[in-house]
Amino acid sequence: MPPSGTRTVATDREERRLGFRLTLPTQVLILFIAVFPLLMQLYISLTDWSPLEGTGWWRAYELWNGFANYTDLLGDSRLWGALWRTFVVMLVCVPAEFLLGLGLAVLFMDDFPGKRVFYSILLMPMMVVPAVAGYMFFMLFQSGGPVNGILSGLTGLDVTIAWLSDPTLALVAVMIADIWQWTPLMFLILLAGLVGVPEDQLKAATLLGASWGQRFVTIMLPRIRTVLIIALAIRVIESFKIFDTLYIMTGGGPGVATETISVYIYKVTTQDLIWGYVAAIALVILIALSVLTVLAMKRMAAAGGRA
Amino acid sequence: MTTIRLENLVKSFGSFTALKTMDLEIGNGEFVALLGPSGCGKSTTMNMIAGMEAPTSGRILFDGRDMAGVPMGKRGVGFVFQNYAIFTHMTVRQNLAYGPKARGWPKAKVDAAVAKIADFLQLTPMLDQKSAKLSVNILQRLAIGRSAIVEPAIFLLDEPLSNVDAAFRAVMRTELKHLQREFRQTMVYVTHDQLEAMTMADRIAVMDHGVLQQVGTPIEVYNDPVNLFVARFIGAPGMNLVEGTLAETDRGLAVDLGAFGLSPPLPAALAGAARTAGAKEVVYGFRPEEVTLRTEGPGLRAAVGFVERIGARTIVHFGAADRALKIVAEPSTAVSVGETLSIEPVAASVRLFDKASGRAIKGAA
Amino acid sequence: MRRSLPFELFRYAMIALALALTLIPILWMASMAFKPIAEWSASGADLTWWPKAPTLDNFRYIFGEQTTALIATLDRTATKPILASLLAAVFGTLIAMSAGTAAAYGLSRFGSGQNLPLALTQLRLFPPMAVMIPVMIMWAFLGLIDSWWGLALIYGIVTLPFAFWLMKTFFDEMPKEIEEAALVEGCSRFRVFMKITLPMMRAPLASSAMFVFILNWSDYLIGLLLTTKEWVTIPVYMASLSSSMTGQLYGAKAALGLIAAIPPVILGIAIQKHLVRGLTFGALKQ
């Protein structure tokens, strides 16, 4: 920016006006997708409205039921089950992806022949359309499919596990698919963090007699703390949304064995069509996530200020 | 405290040879500067001493012990990086305690060592500060302290002053030299700044293109450069070097300097050496500080190009681009541009170099 | 830093394992895509890793050619779903990039729209499932259900945060001096943006657009909810590739999956160095 002395009121006004115009489309889109729909969602959530009613949503007040939807969801065991499964998936997949990604990233820290090609190949899963990935694993986990084929080869037995029709194994299969697809993301981000650790500091630590393990704990990990938090945060959020891969592999089944929160909402939306109730669930989730996000961002900003 | 010996040290990266057959002995408690322009191999040499790189051939001996295969964490080398490589996410105390902790010293011993070194380096007041925001001279002390606390055999310093403001460099130089005296440590200091090397080092090893050119005390390197490279590199401004041809005159051997005329007769010893060497084409050199400047009289005749008056001294530039001369004169010297003057080098300070080989032609001293 | 031989062996062994695990699912699908019906409908020990008699039948089939091997005929070919995915993703990218780039510039240079970083971050975090009820109602009201343009609009909004953050970090890094020089010469602020800034940012714009395209192309859920018949997208269409007579049409699905998987993988490799920036919202620039 030019020194303040040369700035005139006219350029200031021109810039403010242009800035306003440039940001306007985005602001409008946010209003369009966030503010208005949220108000609509709040309104509908207080009613028993369903698209089957044949009346427009604005007339939902005719089916006013106050906070009944909200009290209902407290006792909805299928919802809590879905939430629980979502957390199970999160608690297994995110740490697994993190550890595998970190391990790979450590192997890729310095140069070695073939590094670039291996790197590109290892990133491929995260670029595969998740629905297609879901289909890949659907094929792999068929009882006559290659996973059992490999297991048969390894054990010498004729393995015919029905992965996707067993409640526990279906969840395992879904988690394996998620780990396959998203470990590369952890690897990518953590590697970016690790190569940013100043080489001089690592050398200095080595010269002071620190072993690799000591350097990892005392220099590398603290240095990539922010990166680490970001990577974990992204995966925690994304795994909460888990839908595509899982829905294609199992459709939430068998029964509700792999029904996560997104699958549950999807089913209630498209099969039960009780939209007033869905709106209530969705709103609660949105508010919970918003609060968590704001808290996390504040924490992160504070951490960033200190680092 | 340790003596370091480098024997036939060679380092190649693929087809590029960064260091060609380096031999150097660094005595106990000595402060040696490795001096040269960038790419001269000085950093490579230092990295090999530290164990960060393995020599292609040759040996590195600490007190006669071959260091081949000894990993860098086990050599007992203190290293001060160009940017100090302070662990900025730690406090000053944590930085100082890093080495002792890595070596598994008991806590009491760590604390005592930290307290002692902090006291010595006047770091005690900031022990519990985050090291990210410290000023550069404190960073330097911290970097030295962090290495010194584990009592390394030798200290290596990699251009520690190159990121420091010019104005502050003098202060840092003084402090560094002072610390070295206090520690009585063997120190190897890498720099491209001849002023740093001249002011701090006991001995200077001048390097260029992977070749060690000359090793000597600052005054030796300054007074008796062994070749044209060293002559040009040491001193600010550098030595005046004029190409010419040896010519016998009735007053003895002199050098025909073309446009500058005939040089004053060479001192007898130098003339004798030049005759013995049998060289014809030579380079005539003299320090800008060691001349007599007169309007008339014996010496090189040249017209004043321009005059730089920088307070404590005046630098008079003569002649054109490729045949330029610089003279350092008293601040009060009255000269005007365009005026033709006589420049008579002090006889004892005249140096001759063989033009073909670049080597100094030396009279028997 | 020097590494020991055992470490190198360990490293290559681990990488080989990772590569195998990475590639097996992808290669399996590729292999299935080129297998004739007899091979892909086999199971257990009869299932082979490589097609014994490679064929393009599966590709021909999904594009509507009758093949003797397959009894079932398709009521729809894959052509229109591919077109739907393509149109929705391209125009969605266009919307996200136009709005996002303008807003990013406005914030980066003039500090306008201070609310955007937080608002857009939250938008990115929301599970789409949780806002779909009002979106479905609105889209139905606007007549946007089951159209590629309706999809493009929602794609554009969903990926807007990515476009915005990517471009913002690029604008923040761009030196202001060039723009200032043009300003001194009397260009208007807007002209400078259009004629100087945007042309200079061609490479970042292209990378960001590719990134956003990958995200749009990867959608499944929104397509599932907002399209029904005419403009279903590839993944939605894929699910319909089974029939009561033949069960899962593995080969056909694999062929379509391969077609769907290739563009983002190629684009993703092309913009590799910006992936981190895009994924972390510029918190990390690699």
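In what follows, every chain begins at residue 1, and chains take the letters A, B, ... in the order their sequences are listed.
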Practice task
May I ask you to test the B/Glu159-B/Lys42 pair for a side-chain heavy-atom distance under 4.5 Å?
Solution key: yes
State whether [X] and [Y] are salt-bridged, where the test is any N-O pair (Lys NZ or Arg NE/NH1/NH2 against Asp/Glu carboxylate O) under 4.0 Å.
| X | Y | result |
| --- | --- | --- |
| A/Lys241 | A/Glu238 | yes |
| B/Arg5 | B/Glu7 | yes |
| B/Arg173 | B/Asp193 | no |

Practice task
Select, from B/Gly76, B/Ala85, B/Ser147, B/Gly78, the one with the greatest count of heavy-atom pairs under 4.5 Å involving chain A.
Solution key: B/Ala85
Counting only heavy atoms closer than 4.5 Å, note whether [X] contacts chain A via side chain, backbone, both or neither.
| X | result |
| --- | --- |
| B/Ala132 | neither |
| B/Phe81 | side chain |
| B/Ile86 | backbone |

Exercise for the section: Check whether A/Ser211 gets within reach of chain B through its side chain, its backbone, both or neither, counting any heavy atom under 4.5 Å. Expected result: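 When you check distances to chain B, no heavy atom of A/Ser211 falls under 4.5 Å.
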Handout entry: Rounded distance (nearest 0.5 Å) linking atom CD1 of B/Ile154 with atom CD1 of B/Ile26
Key = 7.0 Å
Problem - Atom pair NZ (A/Lys115) and OG (A/Ser120), whose distance is rounded to the nearest 0.5 Å - result: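 Rounded to the nearest 0.5 Å, the NZ-OG separation comes out at 11.5 Å.
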Practice task
Would you please indicate yes or no on a ring centroid separation below 6.0 angstrom for A/Phe108 and A/Phe187?
Solution key: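 Yes.
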Exercise for the section: Enumerate by number any residue of residues 92-105 of chain B whose heavy atoms lie under 4.5 Å from heavy atoms of chain A; in the absence of such residues, state 'none'. Expected result: B/Tyr98, B/Gly99, B/Lys101, B/Ala102, B/Arg103
If you look only at distance, which donor and acceptor atoms sit under 3.5 Å apart when one is on a side chain in residues 86-103 of chain A and the other is two or more places apart or in another chain?
| unit_1 | atom_1 | unit_2 | atom_2 | d |
| --- | --- | --- | --- | --- |
| A/Thr86 | OG1 | A/Ala82 | O | 2.6 |
| A/Thr86 | OG1 | A/Ile261 | N | 2.9 |
| A/Glu97 | OE1 | A/Arg235 | NE | 2.9 |

